[in-house]
Amino acid sequence: MSHDDLEDETPRPPPASVPEPQNEPAPDDVLGSVGLSGPEPGAETLAENDPAPGSPAEEATEDRPKSGAPLIMAGILASRVLGLVREKAVAYFFGVGPHLDVYQLLMRGANLLNNLLGEGTLSASFIPIYSRMIEEGRERDAGRFAGAILGLMIAVSATLTLAGVLAAQFVVSVLAPGFLGDAEKVAAGTLGVDRFALAVDLFTYALPMAAFLALSAWALGVLNSHRRFFLPYVAPTLMNIATVAGLIWAATTQFEDPFGLGALEVVPVASLNTLLAAAVIGALVGGFLQFAVQLPLVFRLIKGFRLSVSTKVEGVKEAGKAFGPVVAGRGVAQVSSYVDTVLAGLATAGTLGAIRPALVLYMLPISLFGMSVAASELPELSRISKEKLDEFLHRVDRSTRQMLYLVVPTVVGYLGFGLIIVAAIFGGGAFAAQDTWLVTLILAGYSLGLGATSVSRLLQNSFYALGDTKTPAKIAVARVTVSGLIGAGLMFAFDRVTVAEAIGLEVDGSMLTLAAVGLALGASVGAWIELFLLRWALRREAPSFGLPAGRVARMLGIAGLAAIPAALIVALVPDDALPNVVDALAVIGVYGATYLGLGHVLGFEEGEAWIGRFLRRSKD
């Protein structure tokens, strides 16, 4: 996570907000390196007016200007719901196979640019300086600074985009060397599409999309600094809408009945190529719209704006000093993402694409429960001096328990009811039974490290609050290494086992393997290694620090009890009695309500903190 509030030791008013991860076109935008290592540092940020439940920061919000929490929540909810709709559409038309591999590669490749120039980097470099100028009443200086940063971002983005497009063959060969032999496989009849050639053709559209997303992060920073929240948080819905619109438009031109795709025995490769191109072009249009829709309000708010590429404008050099270290830190996550992509590309076709739907579900609890607490605690922990370690440790312990109160039942729910969830969200069309089983198993593999990943984000912030940014970075390298080695070994071993063999399915056509499950398990092992190393390192600063293992065991206990009535629904209701979505809502609804009810009856204070948080928000 970026250390916005620690970049300058001089006391200053905090920025009006710290932006939430926005760019929804791919789970990688928020997760970064997840697949081998969990969410990348810098990606997990949240508006300042969304403090940890039960924290002094939350209690202090009554003394602040009127909170924009309801608008922020509405924007984020709209973005995430439409993000699921987009992923549903992609899964429906492509299923788990070569075309989803290419789509995943394009999104990850484009995000290399967006992740380096986008939101997390701007959080540490542009936003604190711009917000400070606004707070000091220097609005024209802030406008000139914003214009210089935008000009430099346009110049850098355009240069990198042009270079990437011109060197598309090289970039794709580096990102996915496993695609290089596809032409021979197509000629031999063992693969239906040349993924390498298709990815090279479509990279021309994916890279400009990433550039627009990076620029939209600049607009978000400006708007949030002026306490304008709804528009930048709802803008990503345009990306989702445009992608889905592109898919549907192309489907109507390729098929007589585009919504009866599951009934077709063979879908022409040329039609799928057209659909994929339409999805990527739609994402490009959506990326432009996401940036453009914010500009009218941005330019109404900025005073003295002048677009330039000058480094002599006040604040630019200071931003540059913060920019370099943040980019270097995010580089560790990018290496992890790269290794993940390369390994998946070397396995059986479909492995890289199969990771995508699992990451969408894996990301939900991290972004909703883990990141929110971790990000909002950073400024609060930073205000506690090293001499007050008892207070510091108490706060870390309380935040950890509050985070895990909702993460723990999510893990149990994914492990117990993952198949129902995956079928409800992604099932149908080209997304067949073996696809559902494979994504469910991948999700289970990631879920085993979900708690460790969430807590690690908070412990990283604890080091940042203590002024130590090097220790988390070193541990992140160890995590990436362990995840890569174990994930690679398991991937190649599991690549010999098909989903049909493991589950006992009868499948016609392509046979997916369990290779991606190996990568997911490697990621979970790496997450636990990271957590224990962070805990060990933190104990050197604070010997009395410990993790709430006993409390977690009790949370697991009530989660297990809550799963019983939900499991009875699964056992007693025939498979075809209800639509998948209704079935999933019933099971998860009963499970969630029972867990929260048991927690309330048993007096879990962590649950009361979350409930109180939402009750206060509803009164805003």
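Every value quoted in this text rests on a predicted model; they were computed, and no experiment measured them.
- Distance check: Ile558 CD1 to His600 NE2 gives 12.5 Å after rounding to the nearest 0.5 Å.
- Considering only heavy atoms from C-beta on, Tyr414 stays 4.5 Å or farther from Val422 through its side chain.
- Side-chain atoms of Thr237 come within 3.5 Å of backbone atoms of Val234 as a donor-acceptor pair (strictly under, hydrogens ignored).
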What's the verdict on side chain to side chain contact (heavy atoms under 4.5 Å, CB included) for Ile421 and Leu443, showing C-alpha distance, side-chain angles and the deciding distance? CA-CA 10 Å; Ile421 297 171; Leu443 177 62; 5.7 Å; no
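- Taking both residues in full, the closest heavy atoms of Ala527 and Ser456 are given as O-OG, 4.1 Å, listed atom of the first, atom of the second, then distance.
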List the steps, then state whether ring-ring contact (aromatic ring centres under 6.0 Å, His included) holds for Tyr595 with Phe604. CA-CA 11 Å; Tyr595 177 83; Phe604 274 73; 7.7 Å; no
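- For the pair Arg356 and Phe94, the cation-pi test (distance below 6.0 Å, angle within 45°) is failed.
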Kindly determine whether Tyr103 and Val90 satisfy side chain to side chain contact (heavy atoms under 4.5 Å, CB included), including the steps that lead there. CA-CA 9 Å; Tyr103 184 71; Val90 170; 4.0 Å; yes
Run the numbers on Leu441 and Ile503 for side chain to side chain contact (heavy atoms under 4.5 Å, CB included), then give the verdict. CA-CA 10 Å; Leu441 294 173; Ile503 306 302; 4.2 Å; yes
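- Judged by distance alone, with hydrogens and angles left aside, the side-chain atoms of Lys88 form no donor-acceptor pair with the main-chain N or O of Gly83 at under 3.5 Å.
- Under the 3.5 Å distance criterion, the side-chain polar atoms of Glu87 are left unmatched by any main-chain donor or acceptor of Leu84.
- Here the options are Trp528, Tyr362, Tyr446, the test is side chain to side chain donor-acceptor pair (under 3.5 Å), and the partner is Thr453; only Tyr362 passes.
- Looking at every heavy atom in both residues, Gly484 comes nearest to Leu343 through O-CD1, 4.1 Å.
- The minimum heavy-atom distance between Ala500 and Met511, with the atom names listed, is CB-CE, 3.6 Å.
- For the atom pair CZ of Arg554 and CZ of Arg401, the computed distance is 9.5 Å after rounding to the nearest 0.5 Å.
- The nearest pair of heavy atoms linking Ala354 to Pro357 is O-CD, 3.3 Å.
- Residues Met491 and Leu519 form a side-chain contact, since some pair of their non-hydrogen atoms from C-beta on lies under 4.5 Å apart.
- A distance below 6.0 Å separates the ring centres of Tyr591 and Phe417.
- Atom CG of Leu534 and atom CD1 of Ile475 lie 4.0 Å apart (nearest 0.5 Å).
- In this structure, Leu247 and Arg86 have side chains that are not in contact, with every pair of non-hydrogen atoms separated by 4.5 Å or more.
- The side-chain heavy atoms of Val570 and Ile420, taken from C-beta on, include a pair separated by under 4.5 Å.
- At least one side-chain heavy atom of Thr410 sits under 4.5 Å from a side-chain heavy atom of Leu450.
- Contact detail for Gly526 and Val482: the closest heavy-atom pair is CA-CG1, 4.3 Å.
- When side chains are defined from C-beta on, Val525 does not count as touching Leu448, because their heavy atoms never get closer than 4.5 Å.
- A donor-acceptor distance shorter than 3.5 angstrom exists from the side chain of Asp101 to the backbone of Gly353, with no hydrogens or angles considered.
- In this structure, Leu459 CG and Thr471 OG1 are separated by 12.0 Å, a value rounded to the nearest 0.5 Å.
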Audit row: Asp435, Leu512, side chain to side chain contact (heavy atoms under 4.5 Å, CB included) steps and yes/no: CA-CA 8 Å; Asp435 302 342; Leu512 298 173; 3.1 Å; yes
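- Contact annotation: the side chain of Val499 never approaches that of Thr513 to less than 4.5 Å [non-hydrogen atoms, C-beta and beyond].
- Across Ala516 and Ile355, no two heavy atoms sit closer than the pair CB-CG1, 3.9 Å.
- Under the side chain to side chain contact (heavy atoms under 4.5 Å, CB included) test applied with Val244, the options Asn240, Ile248, Ile241 reduce to a single match, Ile248.
- Atom CD1 of Ile425 is separated from atom OG1 of Thr436 by 11.0 Å, given to the nearest 0.5 angstrom.
- Atoms CG and CD1, from Leu521 and Ile486 in turn, are 10.0 Å apart once rounded to the nearest 0.5 Å.
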